[in-house]
Amino acid sequence: MKCSKCGAELSDDTRFCSYCGEKIEVNSSDSVDNGVSESDHGETNNQTTFLPEKEKKSIADNIKDRGVGFWNKLSSYEKVTTVALIVFTLMCLIAFIAGKIFAGIIALLSIALTVVALLMKKQIIKTPKSWIHIVALAIAIVLIVPYFSLFGGNGNSSTDKGEKFSWSNLILGEVIPQPKSDVGKIITNTESSLSVYIYKTSTDDFYDYIKACKDKGFNVDAEQLTSSFNAYNESGYKLSLYYAESNKEMHIGVDAPVVYGELKWSDNGLGKLLPTPVSKVGEVKKDDDKGFEAIVAETSIEDFKAYAKLCLDKGFSVDIKESDKSFDAKNADGYKLSVKYIGNNVMSISIDEPEYQVTVEVECVENWIFSKYDVDVYVDDSLEGTLSHGTTDTYSVTLTKGTYTIKFVSAEDDGVTGTVKIDISKDEDIKLKISCYSDKISVETISGTLSNNNENTESSTSESSKITVTMSEDDFKGMNYKDAEKKFREMGFTTFEYKTVDTENESAADTICYIEITEFFIGDSDFVKGDKFDADSTITFYSYKYEEPEAPKPVFYSTNDYETAKKGNTGVFSYRDRSGSYDIYWIIDFNEGYVYYFTDGNGDTTCDKVKIVSGDLNDKIIITYHDGSDVWSYGLHFKYVNHPETLIMQDNDGFEYKYSTTDLDDALKLRNTKTIHEY
């Protein structure tokens, strides 16, 4: 017997279809088949016989039977996707109810992937590979991991892991006031340092605690932002406070004062490049040919600024980055200086040796049959990469001044090697050619500054007669290039080339910047009196070229030219970022001393006008909103120092947002259409 609705095969005694739940009507012929005669019921053959009332099923039973029928007709894959959709839908509802927006988005993504996987399986969505639907479903299931991770410990659960503690147990606790909450976590508790997190702290509690610390004497070199406070007291204790509003959590850090001894300035290492500080109290931590570090105590902010000026006069005048409490610069030889006012009359000084950009191009000669192995390339002990046999590749490294070994090692046998030593004192482009043999790797130098203590290294330089130079490279600096050429002709050299280096110093025009002596492919610009060179070497004179500078023009996003804009403390700047379907603008006007903020494209016709409190864009400018009793601050600064192309805005909670330059004229025209609200 078949069901009249779904066509499923049923047994003769079935009264309801087990697949779709349809009631089965029994006619007189059915009655005969089941042992019931017409005469028993007094009915004709065309009359329908129904089940007794007690055998009729409820609506719930019908729904259940229909569900079972639907489920039984599904394939195994359809059953899996159906269960997955139900689970993901429940996850989505739970996430949004719990306020976990990102978790809800992940659940929605899992639902979408599952639906797509099912449509791919049914070939409603055509795919080039039959297995792609499995990958889509697998990704949907894997997303469960990040979903549940968002329900793990977060900022709101910090107080759950804290415990009550006694303030009297903190060794440095008597230096600072006791906070309102006694629940938290102690990280460090020693005579020299205290680090403790205080939970269950409101914003008002945080600001009240700052006031209590000031009343306690922490007002020396004080710096306060919306969520942080740093200061010293008269005894030299350093206090650092930070507040995370999302966690209702405050961090307290206290460092005991450092006692410094006599400062002994040395002339042996890099310290000789610097002026000697006025103060004789401090510590030199490092002073050799690789670096210099010193702490100078009993140095006021005025002393720091005076010392920075002395460093400038000493030659540290390249790539200057300067703020109220820091001075960074290089000298002509590339040594990097950093001078910072730490606070509490303490200054730090450090010098790092120059770094040079070195490119090493290696060509591996291809063998036809044997020794066709790949080669590992090392600079000293640092693996830079593996060179495939018969190919050419370039490796870029940053090195300080010194001698380095470039080593080639067979990738099949580390006993098969080849080396070459190079001297680095400037940016270098080195070209090498290697040949692979069963017992060694032969290295040929095409170009680059080789070390004098190379052994068994082939060179592309041919032997010729030598000329001994009678002057050092430094002797030619400042000399007119024509006079320099005359000197080299007197030594016996005959081949010369001329190149120029731009300068802004008009008096330096046509004088020697530096000289390079090139033997075949190898150039040397660090020669000294007595060095020998091939007679057919090329002498290249690099002389200064002066051109009258054009008047600086403003860049499109500022009223300043680019060099002035880099300083980040004058003129007017404009930045923009697209957020969804509308634009966000910042106009920073140092001329008026205000910052303007407005949006375009979302129907908002207002523009915020907020006064610049302090700072510049290379450090950070602070703007503070005052709206009735509500006060909050933002910080604005260049993403990279001296690069005005990108602006970073740090909001009241410490989150950062990035903005790009935009046409100033367009931004000002748009601002003029807005209603200005001054805060």
Where the side chain of [X] meets the backbone of [Y], is there a donor-acceptor pair that is under 3.5 Å apart?
{"X": "Asp374", "Y": "His389", "answer": "yes"}
{"X": "Thr662", "Y": "Arg576", "answer": "no"}
{"X": "Asp589", "Y": "Val572", "answer": "no"}
{"X": "Asp561", "Y": "Glu563", "answer": "yes"}
{"X": "Thr417", "Y": "Phe408", "answer": "no"}
{"X": "Asp651", "Y": "Phe655", "answer": "yes"}
{"X": "Asp288", "Y": "Gly291", "answer": "yes"}
{"X": "Ser472", "Y": "Asp475", "answer": "no"}
{"X": "Asn569", "Y": "Asp616", "answer": "no"}
{"X": "Asp333", "Y": "Tyr335", "answer": "no"}

Do you see a donor-acceptor pair shorter than 3.5 Å between the side chains of [X] and [Y]?
{"X": "Thr386", "Y": "Asp376", "result": "yes"}
{"X": "Asn618", "Y": "Asn642", "result": "yes"}
{"X": "Thr394", "Y": "Thr359", "result": "no"}
{"X": "Asp534", "Y": "Ser537", "result": "no"}
{"X": "Gln650", "Y": "Tyr657", "result": "no"}
{"X": "Lys407", "Y": "Thr419", "result": "no"}
{"X": "Gln357", "Y": "Thr398", "result": "yes"}
{"X": "Thr511", "Y": "Asn480", "result": "no"}
{"X": "Asp221", "Y": "Tyr341", "result": "yes"}
{"X": "Asp526", "Y": "Ser425", "result": "yes"}
{"X": "Asn230", "Y": "Ser240", "result": "yes"}
{"X": "Tyr562", "Y": "Glu645", "result": "yes"}
{"X": "Thr503", "Y": "Asn505", "result": "no"}
{"X": "Asp423", "Y": "Thr403", "result": "yes"}
{"X": "Ser388", "Y": "Thr391", "result": "no"}
{"X": "Asp510", "Y": "Ser543", "result": "no"}

Hey, is [X] close enough to [Y] for a salt bridge, meaning N to O under 4.0 Å?
{"X": "Lys486", "Y": "Asp483", "answer": "no"}
{"X": "Glu355", "Y": "Lys336", "answer": "yes"}
{"X": "Lys426", "Y": "Glu516", "answer": "yes"}
{"X": "Glu547", "Y": "Lys545", "answer": "yes"}
{"X": "Lys309", "Y": "Asp313", "answer": "yes"}

Name the one of Glu678, Lys611, Lys609 that satisfies side-chain hydrogen bond (donor to acceptor under 3.5 Å, both in side chains) with Tyr594?
->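 Single side-chain hydrogen bond (donor to acceptor under 3.5 Å, both in side chains) partner of Tyr594 among Glu678, Lys611, Lys609: Glu678.
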Point-to-point distance, once rounded to the nearest 0.5 Å, from [atom1] of [X] to [atom2] of [Y]:
{"X": "Leu664", "Y": "Ile588", "atom1": "CG", "atom2": "CD1", "result": "11.0 Å"}
{"X": "Tyr596", "Y": "Cys607", "atom1": "OH", "atom2": "SG", "result": "7.5 Å"}
{"X": "Asp427", "Y": "Leu399", "atom1": "CG", "atom2": "CG", "result": "10.5 Å"}
{"X": "Tyr546", "Y": "Tyr544", "atom1": "OH", "atom2": "OH", "result": "15.0 Å"}
{"X": "Asp255", "Y": "Asn344", "atom1": "CG", "atom2": "CG", "result": "11.5 Å"}

Test of ring centre spacing under 6.0 Å for Trp586 and Tyr597 | yes
Determine whether the aromatic ring centres of Phe541 and Phe496 lie less than 6.0 Å apart.
->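 Here the rings of Phe496 and Phe541 have centres that are less than 6.0 Å from each other.
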Flag yes if more than 12 heavy atoms outside [X] fall under 6.0 Å of its [atom1] atom; otherwise flag no.
{"X": "Lys482", "atom1": "NZ", "answer": "no"}
{"X": "Lys340", "atom1": "NZ", "answer": "yes"}
{"X": "Lys325", "atom1": "NZ", "answer": "yes"}

With Val318, which residues qualify under side chain to side chain contact (heavy atoms under 4.5 Å, CB included), at least two apart?
->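 Val318 satisfies side chain to side chain contact (heavy atoms under 4.5 Å, CB included) with Lys330 only.
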Check against side-chain contact (heavy atoms from CB on, under 4.5 Å), Ile349 and Leu337 | CA-CA 7 Å; Ile349 306 170; Leu337 169 68; 4.0 Å; yes
Where do Tyr395 and Val379 land on the side-chain contact (heavy atoms from CB on, under 4.5 Å) test, with the steps shown first?
-> CA-CA 10 Å; Tyr395 307 92; Val379 176; over 6 Å; no
How would you list all residue pairs meeting ring-ring contact (aromatic ring centres under 6.0 Å, His included) that involve residues 260-317, not counting sequence neighbours?
-> Trp265-Phe292
What are the two closest heavy atoms between [X] and [Y], and how far apart are they?
{"X": "Lys401", "Y": "Tyr356", "value": "N-CE1, 3.9 Å"}
{"X": "Met491", "Y": "Thr470", "value": "CE-OG1, 3.4 Å"}
{"X": "Phe527", "Y": "Ile515", "value": "CE2-O, 3.7 Å"}
{"X": "Ile301", "Y": "Asp324", "value": "CD1-O, 3.7 Å"}
{"X": "Glu283", "Y": "Leu263", "value": "N-CD1, 3.6 Å"}
{"X": "Thr559", "Y": "Gly571", "value": "OG1-CA, 3.3 Å"}

side-chain contact (heavy atoms from CB on, under 4.5 Å) between Val397 and Val358, intermediate numbers included | CA-CA 5 Å; Val397 292; Val358 179; 3.9 Å; yes
By side-chain hydrogen bond (donor to acceptor under 3.5 Å, both in side chains), which residues pair with Glu485, not counting sequence neighbours?
->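 Glu485 satisfies side-chain hydrogen bond (donor to acceptor under 3.5 Å, both in side chains) with Arg489, Tyr498 once adjacent residues are dropped.
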Which of these, Phe533, Tyr481, Phe476, sits in a ring-ring contact (aromatic ring centres under 6.0 Å, His included) with Phe488?
-> Phe476
Might you work through the side-chain contact (heavy atoms from CB on, under 4.5 Å) test for Val339 and Met347, ending with a clear yes or no?
-> CA-CA 7 Å; Val339 184; Met347 172 177 66; 3.7 Å; yes
Parallel, tilted or perpendicular for Phe590 and Phe573, by the 30°/60° rule?
->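 Phe590 and Phe573: perpendicular rings.
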